[in-house]
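Contents: one structure, followed by commentary.
By convention in this document, chain letters (A, B, ...) are assigned in the order of the sequence lines, proteins followed by strands, and residues within each chain are numbered from 1.
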2 protein chains.
Amino acid sequence: MSHTFYDGQEKLFVATDCIIFGFDDNTIKLLLFERKVDPLAGRWSLIGSFVQENEGTKHAAARVLEEYTGLENVYMEELGCFGEVDRDPGARVLSIAYSALIRIGEYDVDLVERHGAKWFDYDQIPALVLDHNDMVDLAIQKLRRKAKYQPLGFELLPEKFTIPQLQILYECIYQRPLDKRNFRRKILSMNILEKLDEKDKLGSKKGAFLYKFDRDKYHSLAQKGILFEI
Amino acid sequence: MSHTFYDGQEKLFVATDCIIFGFDDNTIKLLLFERKVDPLAGRWSLIGSFVQENEGTKHAAARVLEEYTGLENVYMEELGCFGEVDRDPGARVLSIAYSALIRIGEYDVDLVERHGAKWFDYDQIPALVLDHNDMVDLAIQKLRRKAKYQPLGFELLPEKFTIPQLQILYECIYQRPLDKRNFRRKILSMNILEKLDEKDKLGSKKGAFLYKFDRDKYHSLAQKGILFEI
DNA sequence: TTTATAAGTGTAAAAAAAACACTTATTTTG
DNA sequence: CAAAATAAGTGTTTTTTTTACACTTATAAA
């Protein structure tokens, strides 16, 4: 294939950026980094990386996520392509943005600190470089929309969690209070939680039972067309 | 800015592909083209184009759509980035796929024919080049999912349509029959349709009243948080 | 042992969705 | 020109889902 129609076509810089969500202190948070390279060095930014010739775009995003947090096998979802011509003043760079949901207790604290990162409440995001604020806004909107019909919440909680913790998470995402009796009934009626014999005694004197999300059960129900909804 | 961190980074080919939906003969259809360039010339394919240095990705998709159908201002939505390393045997090409919803009565029939295009029922898509079948499958899934909560249907119907036509469209999308009394009540209760004095007499002897989708009303209701659902 | 705290529980009312069958307007046909 | 055929159009009842709401319980701290 010496002469193909690829010859003479233009190539573009392709990057990925990663919107990292966490949940702690009863708040949804985003992990942001101080940009180290010019242009715009020193300003707050999402983490990102150029896509290499020999890797997929999601791989690039996961690679940089691991490099900055130490986390592997993180839940990541494509947010979209940000491809406006003038979005980056330094060059024509197209970025594929990914949302990542991480368990805030599991990342490598030292590593993150060394990279100049800081957690921000998701309603107090500072001005970011380039179009990163657009990415964040879109990611938050999408998280709100999707959380209702997909079991995303469990990606943000520790493996063992209590029903009240789960409820607070959804109250944060939806930004409105939920009735605890209705919430408990609804989530338990789906039969996707496994109740453990342990209790979490940190949140209250009485203690609340711990549960685990049963991914297998969820998938077999989803296959049958029985939908998650909360 | 003589030396920036862009220097030495790799660039990639970036293309767009376009999944073109239409509705006719009470069926959802997709417009496919015979690929003219090697590799894989002569095989069925989505239409696509490389993204130029001086245009956004959506612009590239809209440009190629107009070139092949004559249509401008078409409803288009990003489906996602297809970026696996080996998805194109000719070169490393990353593709941003877009779904387009067109009114099947409005495209330039000659132009489309000259480009070797053909409409296929959406459940009878032939083998396509590269990962285009994946794109189509994903686009159909997404259309099904989104149609319920966003007024996409009106992008596939002529400007004036009858309630039974609209119902048949949704029956196609959801692949299940709907009750006509419940359907009519639900869609009319949203107050987003304008009833015209005209009747369509082609579909029946009695004739059915024509309606128009009122975009302004829809948007002002959406702003107030009143959601479309069908 | 009293107090404070959050966990855990059931029922009734309201709203939304689903099920269901006949009448009407008009063209075609005999 | 009367009868038949066709798809449009219309309300009500039943079922399901969602919402609203208040007290008891287990335990640690005072």
Interatomic distance, [X] [atom1] vs [N] [atom2] [rounded to whole Å]:
X: A:I187; N: C:dG8; atom1: CD1; atom2: P; value: 14 Å
X: B:L178; N: C:dA17; atom1: CG; atom2: C1'; value: 13 Å
X: A:K186; N: C:dG10; atom1: NZ; atom2: C1'; value: 18 Å
X: B:K148; N: C:dA17; atom1: NZ; atom2: C1'; value: 10 Å
X: A:L202; N: C:dT5; atom1: CG; atom2: C1'; value: 14 Å
X: B:F209; N: D:dT10; atom1: CZ; atom2: P; value: 9 Å
X: A:D200; N: C:dT5; atom1: CG; atom2: P; value: 18 Å
X: B:K199; N: C:dT27; atom1: NZ; atom2: C1'; value: 13 Å

For B:Y149 and A:Y149, run ring pair (Phe, Tyr, Trp, His ring centres under 6.0 Å): C-alpha distance rounded to whole Å, both residues' side-chain angles, the deciding distance at 0.1 Å, then the answer.
CA-CA 13 Å; B:Y149 300 106; A:Y149 300 105; 5.8 Å; yes

First encountered from the 5' end of DNA chain C, between A:G203 and A:K195
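On the 5' side of the pair lies A:G203.
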
Checking ring pair (Phe, Tyr, Trp, His ring centres under 6.0 Å) between A:F161 and each of A:F209, A:F23, A:F154, which is the one that passes?
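So the option named by the test is A:F154.
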
Is any N or O donor-acceptor pair between the side chain of [X] and the base of [N] shorter than 3.5 Å?
X: A:R185; N: C:dT11; value: yes
X: A:K206; N: C:dA7; value: yes
X: A:K205; N: C:dA7; value: no
X: B:R184; N: D:dG9; value: no

Is any side-chain heavy atom of A:F82 less than 4.5 Å from a side-chain heavy atom of A:L94?
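Of all side-chain heavy-atom pairs linking A:L94 with A:F82, none is under 4.5 Å.
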
Is the backbone of A:C172 close enough, under 3.5 Å, to the side chain of A:Y122 for a donor and an acceptor to pair up by distance?
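Looks like yes, one N/O pair under 3.5 Å.
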
Is it the case that the side chain of B:E194 and the backbone of B:K212 share a donor-acceptor pair, with hydrogens and angles ignored and the cut-off at 3.5 Å?
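No, because the side chain of B:E194 does not come within donor-acceptor range (under 3.5 Å) of the backbone of B:K212.
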
Any side-chain N or O of A:R181 below 4.0 angstrom from OP1/OP2 of D:dA20?
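A:R181 to D:dA20 OP1/OP2: no side-chain N or O under 4.0 Å.
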
Contact class for A:K180 (heavy atom, under 4.0 Å): base, sugar-phosphate, or nothing?
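The answer is base, as A:K180 lies within the cut-off (heavy atoms under 4.0 Å) of a base atom.
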
Candidate nucleotides C:dA18, C:dT26, D:dG9, ranked by approach to the side chain of B:N182 - the nearest:
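Closest nucleotide to the B:N182 side chain: C:dA18.
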
